[in-house]
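Okay, structure first, notes after.
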Amino acid sequence: MAKLTFKTDKCKGCGLCVDVCPKGVLAIAEDVINEKGHHPVEAVKPEACIGCAFCATMCPDCIIKVER
C-alpha cells in the first residue's frame with residue numbers, strides 16, 4: 001500500500017487528481033475549507049491506493065506526494 005501526503009493548504013480543489021485516480025481513492029473534502037477558501041482533496045479510500053502516482057502527476061500545484 002502506498003502512502004499519500006497532501007499539502008492541503010495549497011490545494012485549489014480543481015479535482016483533476018480525483019478524475020484520474022483509477023481506484024477512486026481521492027475526493028474533494030466537502031466539509032473542509034483551506035486557507036485559500038477552497039475545498040481540498042482528501043484520501044477517502046487510502047487502503048485502495050496502488051501507488052501509480054497519476055494523481056501527483058496530474059496535479060497542477062504539486063500538492064500530492066506518493067510514497068511506495
Side-chain angles (χ1 to χ4, degrees):
M1 178 173 66
K3 179 183 174 190
L4 295 169
T5 312
F6 306 98
K7 295 179 190 172
T8 55
D9 57 321
K10 302 202 183 293
C11 180
K12 62 185 175 197
C14 67
L16 293 173
C17 57
V18 175
D19 294 339
V20 76
C21 181
K23 297 295 183 177
V25 172
L26 307 175
I28 300 298
E30 303 211 4
D31 58 339
V32 177
I33 297 178
N34 66 14
E35 296 173 1
K36 292 187 172 188
H38 301 288
H39 294 278
V41 68
E42 66 180 352
V44 291
K45 296 191 302 186
E47 69 282 351
C49 181
I50 58 173
C52 67
F54 289 165
C55 56
T57 303
M58 184 60 72
C59 182
D61 298 317
C62 302
I63 66 124
I64 304 171
K65 181 178 179 183
V66 180
E67 297 177 70
R68 296 180 205 170

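As a basis for the values below, the full set of heavy atoms in this structure was taken, side chains included, without hydrogen atoms, waters or symmetry mates. All residue numbers in this chain count up from 1 along the given sequence.
What you find for Val66 and Ala2 is that their closest heavy atoms are CG1-CB, 4.1 Å. Taking all atoms of both residues into account, the shortest heavy-atom contact from Lys10 to Lys36 is O-NZ, 4.0 Å.
Using modelled atom types, one side-chain atom of Arg68 and one backbone atom of Gly51 make a donor-acceptor pair closer than 3.5 Å. Although no hydrogens or angles enter the test, the distance criterion places no donor-acceptor pair under 3.5 Å between the side chain of His39 and the main chain of Gly13. Formation of a donor-acceptor pair under 3.5 Å by the Asn34 side chain with backbone atoms of Cys11 is found in this model.
With respect to Val25, the side-chain contact (heavy atoms from CB on, under 4.5 Å) criterion is satisfied by exactly one of Val41, Leu4, Val18, Ile50: Leu4.
Phe6 and Met58 fall into different hydrophobic clusters, where Ile, Leu, Val, Met, Phe, Trp and Tyr residues are linked whenever their side-chain heavy atoms come under 4.5 Å apart, directly or through other members. Ile64 and Val20 fall into different hydrophobic clusters, defined by Ile, Leu, Val, Met, Phe, Trp and Tyr side-chain heavy atoms under 4.5 Å apart, directly or through other members.
Ile28 contributes atom CD1, which lies 5.5 Å from atom SG of Cys17 (distance to the nearest 0.5 angstrom). Note: Leu16 CG to Leu26 CG = 11.5 Å, rounded to the nearest 0.5 Å. Annotation: the span from Thr8 atom OG1 to Glu35 atom CD amounts to 8.5 Å, rounded to 0.5 Å.
Asp61 has a carboxylate O that lies under 4.0 Å from a charged side-chain N of Lys12, or vice versa, which qualifies the two as a salt bridge.
For Glu30, the CD atom counts as loosely surrounded, since its 6.0 Å shell holds 12 or fewer non-hydrogen atoms of other residues, nucleotides or ligands. The number of heavy atoms from other shown groups lying within 6.0 Å of CD (Glu67) is above 12.
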